[in-house]
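Here is the naming used below: chain letters follow the sequence lines, and residue numbers restart at 1 for every chain. Remember, predicted model here, so these are calculated numbers, not experimental data.
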Protein chains: 2
Amino acid sequence: MANQGPDAPRQAEHSAETGAASKARLRLWLRMLKSTRQVEAALRDRLRTEFDTTLPRFDVMAALDRFENGLKMSALSGVLRVSNGNVTGIVDRLAEDGLVVRVQVPGDRRASLVRLTRKGQEEFARQAAAHEAWLSELLSDFTTEEALTLADRFDALAHREEDE
Amino acid sequence: MANQGPDAPRQAEHSAETGAASKARLRLWLRMLKSTRQVEAALRDRLRTEFDTTLPRFDVMAALDRFENGLKMSALSGVLRVSNGNVTGIVDRLAEDGLVVRVQVPGDRRASLVRLTRKGQEEFARQAAAHEAWLSELLSDFTTEEALTLADRFDALAHREEDE
DNA sequence: CAAAAAAGGTTTGAGCTTGAAATACTCTGC
DNA sequence: GCAGAGTATTTCAAGCTCAAACCTTTTTTG
């Protein structure tokens, strides 16, 4: 893609608006996306072959593992930042496999709490350990310090977008 | 590679078997993923509301825009790094809308080249301009220099994974 | 040359994802 | 009480995604 114009962005350097900055950010975005997708693909593949599960299922279980008291469906979709209806199906399938349960909330017949079962906890523990190891391998280009620095950098970005 | 040994590294403060490094990388991964998804969600939303299209459609058109002579289906899925069958459906829908065409390859009755139509080119040009502007806005936390530095950093990562 | 292997694509089945509409329940104010 | 507003969740249609199975057409090879 890059340099199609023979001498496109010459001229004075008051580029500012559609200029160099936006090209640089576009470039960054494309790399980020590529890297993220590669890591995601690797994780998905290993989850599938070694645990016969999927990334979304893992994500849901990870969220539930952090909240031992369970999460309401809406809270779950909020934490994962996916749509409401989405979570319904994933939880359905996890429940079929006996990894999570829906517990009725006493005072409110609309809501239910989703919680990991014992089996779910044990299964997730195994998956999470493997997941962390895979990731460390996949991101081994980054030293501990660099990883932490970058993590904070992205954190700022994430927070900025968060409240919309 | 990984220092898994029961007593491989330790000593000088980094006892790090499954330790600090992998936690840091896990943290980085979670932030990357969150940021990437937020940007993706924003882009998807705007593509939908302003151009009535989707990110995968945009990606396909972007790939075709870079190769004016067209791409074979297999090359297209290679460039985009998605599965074969996936591209079939997206191209089908783009073709229905008159944005791309499938052209028979002379010497080979199996293959066809996919190409942007005139209309597709024009439509993509509008979308790409908007896309670049949105991105610059979404990533405005990063200066030009920082963006380029990070892009290179991720590039290394991407290339490392590439050949598997 | 014919059988086997490989290459290019599509189809299929299962699951993920979204946004919108539908359902069901709770709460507020009158 | 009860109408309406608001909350919690599910259902639905359309589209994306993958892996695996499946055609068809080339290419290889015995």
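- A salt bridge between Glu50(A) and Arg126(A) is absent, with no side-chain N of the basic residue lying under 4.0 Å from a carboxylate O of the acidic one.
- Residues satisfying the side-chain contact (heavy atoms from CB on, under 4.5 Å) criterion with Thr149(A), sequence neighbours excluded, are absent altogether.
- Arg25(B) places a side-chain N or O within 3.5 Å of a backbone atom of Phe142(A) that can act as its donor or acceptor partner.
- Two end axes, each from the C1' atoms of five base pairs, can be drawn for the helix from dC1(C)-dG30(D) to dC30(C)-dG1(D); they diverge by 10°, to 10 degrees.
- Under the 3.5 Å distance criterion, the side-chain polar atoms of Thr117(A) are matched with a main-chain donor or acceptor of Leu99(A).
- For the pair Ser77(B) (side chain) and Ser74(B) (backbone), a donor-acceptor distance under 3.5 Å is present.
- Among the heavy atoms of the strands lying under 4.0 Å from Gly107(B) are primed sugar atoms or P, OP1, OP2 only; no base atom is included.
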All N/O donor-acceptor pairs, side-chain side in residues 100-114 of chain A, below 3.5 Å, sequence neighbours left out:
from, atom 1, to, atom 2, distance (Å)
Arg102(A), NH2, Asp92(A), OD1, 2.0
Asp108(A), OD1, Arg110(A), N, 2.9
Asp108(A), OD1, Arg110(A), NE, 3.1
Asp108(A), OD2, Arg110(A), NE, 3.4
Asp108(A), OD2, Arg110(A), NH2, 2.8

Show the atom names and distances, to 0.1 Å, of all donor-acceptor pairs under 3.5 Å that link a side chain in residues 52-59 of chain B to residues at least two apart or in another chain.
from, atom 1, to, atom 2, distance (Å)
Thr53(B), OG1, Arg57(B), NE, 2.9
Thr54(B), OG1, Arg57(B), N, 3.3
Arg57(B), NH1, Asp97(B), OD2, 3.3
Arg57(B), NH2, Asp97(B), OD2, 2.8

Query raised in the report: Taking protein heavy atoms under 4.0 Å as touching, what does nucleotides 8-17 of chain C look like 5' to 3' if B marks base contact, S marks sugar-phosphate-only contact and - marks none?
Result: SSBB---SSS
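- Bounding nucleotides for the chain B contact on DNA chain D, 5' to 3', at a heavy-atom distance below 4.0 Å, are dG15(D) to dT26(D).
- Using a 4.0 Å cut-off between a side-chain N of Lys or Arg and a carboxylate O of Asp or Glu, Glu40(A) and Arg37(B) qualify as a salt bridge.
- Under a hydrophobic-cluster definition in which Ile, Leu, Val, Met, Phe, Trp and Tyr are linked whenever side-chain heavy atoms come within less than 4.5 Å, directly or via other members, Leu28(B) and Leu148(A) are assigned to different clusters.
- Taking a cutoff of 4.0 Å between a charged side-chain nitrogen and a carboxylate oxygen, Arg115(A) and Glu68(A) do not qualify as a salt bridge.
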